[in-house]
Structure formats: structure tokens, C-alpha cells
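Presented below is the structure to which this report refers.
Just so it is clear, the values below take in all heavy atoms, side chains as well, and ignore hydrogens, waters and symmetry mates. So that the names make sense, note that chain A is the first sequence line, chain B the second, and so on, each numbered from 1. Keep in mind the model is a prediction, meaning the values are calculated, not measured.
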Amino acid sequence: MSSTGRPGRPPAAPASLFAGGARRVARRLLGAVLVSEGPDGRTAGRIVETEAYLASGDPACHAHRGPTARNASMFGPAGSAYVYRIYGLHRCFNVVTGREGSGEAVLVRALEPLEGLDLMRRRRGRDAPRELCSGPAKLVEALAIGPGHDGLALDGGAALRLEARPRGARPRVVATTRVGISRAADLPLRFYLADSPWVSRR
DNA sequence: GGAATGATGTACT
DNA sequence: GTACATCATTCCG
């Protein structure tokens, strides 16, 4: 039982978790915990790898050419989710950042599995812990994130939410180029925890 | 209307 | 390291 907050209600993520541009939020989200309450149970993982997609000067950003039906939720308030389909098969999960309407987001690329490992195994059809959340589409499957989460606020009350890392924690972070893009491929907008074995790749 | 592409994962050589 | 599944979105004509 938690001694703070209302019973049954998890602590809300402080708004400061999402404040600022995608580059800053991408770094701040490292170490934060993503929690998913599915109908079949609860799963959670610590964010160890992110990528920033910027509102301007970034042709790899889905919002680069303005709002469309797909990227509409990217233009919502900071702290909401942007979930989209990729390659006809998979989905990726982003956290919207920046000023509302700017079209910035942070792609979450890998988690350290913390809770609900067996549930993740069933959803993923794999056994090895390393194979559960070490990629943007893998973690989406492991946490049962779906199109219904698109546009949802992640700041505390919903089935999908983020909890900030402990204040004062200063993890060592590596900045490098983003994965799987053809435009603006040289910008150092990918970030991961230097000491984490859970990142998708080095 | 039609064609190319994609913020990936998996299997195979 | 390479091949490919699979389809919504985007872009071109």
C-alpha cells in the first residue's frame, strides 16, 4: 500500500517530465518507467533507449510536412502518446513533446523489463529476456500497446503511463545517430544508457 | 489511380 | 550479412 496519493491511484508523472523540446525530453526519459495495465495483467519496463524527432530541420520527423491523419496525435499536448504502424506489421510508441501543435516527439526504442515478464513472454512468443523489449516494435508488443493508446495522456491516470526516474539520478548517456532512417541520418538524436545491456543495438 | 516507401523483426545463408 | 513479410501512408501523375 502506498502511503501517499489516493488509494489505487499511482503517482502521476510530474509535468516537468515532458517539458522542453524532444532533444531534452529524450534524455530525461532515460531511466523513467513505462507502465501498462492490460486486460490480462500489468507490465512495466525502464526506458533505456530513445530517439528525438524535431519539429524543424528534421526531415525524418513524421510531422515534418505538417499534420496528416496518421500523425495527428503528434500535434497534441506534451505527454500524450503517438502510436503508429510501421512496415505494415509493427507499431512504434512515441511520447509527444514540445509546445502543443509543434509536432515533436520522442520514440521509445528499448526497455529494461521490470514487471510482468511472463506476460511479456506470452505476448512476444519468445523466452529470452533480451528479446522482450530490445526494439521499438518489440516493446510495443510486450506491453500490449495498440492503436487505442494513440493520443492518450501518459501523465498518470490511464492504462499506459510514465513515471519519472528518481530525482538526482545522473545516468551516463551515449548520444549517437538514429536507427533505420534515410533522411537526416547524421544527426546525433539517439540516446541510450551507456551501461545498460538492454539497448536494441550499439 | 498507381507506385514507392517505411522511426522493424525474424529467418535464413 | 541479406532477404522478406505486409500494408497504410505518402507522393506522383
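Between the P atom of dT6(C) and the CZ atom of R85(A) lies a distance of 12 Å, rounded to the nearest Å. Atom pair F191(A):CZ and dA7(B):C1' shows a separation of 14 Å (rounding to whole Å applied). Residue R91(A) contributes atom CZ, which lies 15 Å from atom P of dT6(C) at whole-angstrom precision. When rounded to the nearest whole Å, the span between CG of L132(A) and C1' of dG9(B) equals 14 Å. Between E49(A) atom CD and dA7(B) atom C1' the separation is 11 Å, expressed in whole Å. dT9(C) atom C1' lies 15 Å from atom CE of M74(A), rounded to whole Å. If you measure from atom OH of Y87(A) to atom P of dA5(C), you get 15 Å, rounded to the nearest angstrom. For the pair R70(A) CZ and dT9(C) C1', the computed distance is 6 Å after rounding to whole Å.
Smallest separation of non-hydrogen atoms from A32(A) and L162(A): CB-CD2, 4.5 Å. Shortest non-hydrogen contact noted between G103(A) and C61(A) is O-SG, 3.5 Å.
With dT6(C), dG9(B), dT8(B) as the choices, the nucleotide that has an atom nearest any side-chain atom of K138(A) turns out to be dG9(B). Nearest to the side chain of R126(A), among dA7(B), dT10(C), dT10(B), sits dT10(B). Of the candidates dA7(B), dG9(B), dT10(B), dG9(B) carries the atom nearest the H90(A) side chain, counting heavy atoms from C-beta on. Considering only the side chain of E131(A), dT10(B) comes nearest among dA7(B), dG6(B), dT10(B). When distances run from any side-chain atom of V179(A) to the nucleotides dG6(B), dT10(B), dT8(B), the shortest one goes to dT8(B). When each of dC11(C), dT8(B), dA7(B) is scored by its nearest atom to the side-chain atoms of R65(A), the top-ranked nucleotide is dC11(C).
For DNA chain C, no neighbouring residue in residues 95-111 of chain A is found when judged by any heavy atom under 4.0 Å.
Residues R183(A) and L139(A) both approach DNA chain B. Their nearest nucleotides, taken by heavy-atom distance, put R183(A) toward the 5′ side. Nearer to the 5' terminus of DNA chain B, by closest-nucleotide assignment, is the contact made by E51(A) (compared with the other of E51(A) and E141(A)).
Heavy atoms of R124(A) sit under 4.0 angstrom from primed sugar atoms or phosphate atoms, though from no base atom. At the heavy-atom level, R178(A) lies nowhere under 4.0 Å from the strands shown. Within the 4.0 angstrom heavy-atom criterion, only backbone atoms of the sugar-phosphate kind lie near A137(A); the bases stay farther away.
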(request) Check the pair Y82(A) / D150(A) against side-chain contact (heavy atoms from CB on, under 4.5 Å), numbers first and verdict last. (result) CA-CA 5 Å; Y82(A) 168 47; D150(A) 187 42; 3.8 Å; yes
(message) What verdict does the salt bridge (Lys or Arg N to Asp or Glu O under 4.0 Å) test give for R122(A) and D40(A), after you've listed the backbone C-alpha separation in whole Å, the side-chain angles of each residue and the deciding distance to 0.1 Å?
(response) CA-CA 11 Å; R122(A) 286 199 290 280; D40(A) 48 350; over 6 Å; no
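Inspection of the H64(A) and Y53(A) side chains reveals no N or O donor paired with an N or O acceptor under 3.5 Å.
Shown here is R167(A), whose CZ atom has no more than 12 heavy atoms of other residues, nucleotides or ligands within 6.0 Å. In R91(A), the CZ atom is crowded: over 12 heavy atoms of neighbouring residues, nucleotides or ligands sit closer than 6.0 Å. At most 12 non-hydrogen atoms from other residues, nucleotides or ligands lie less than 6.0 angstrom from CZ of R23(A).
At dT10(C), one or more side-chain N or O atoms of T68(A) fall inside 4.0 Å of OP1 or OP2 (strictly under the cut-off).
Nucleotide dC11(C) forms a Watson-Crick or G-U wobble pair with dG2(B), both donor-acceptor distances falling under 3.5 Å.
Not a single donor-acceptor pair, N or O on each side, falls under 3.5 Å between the base of dA8(C) and the side chain of Y84(A).
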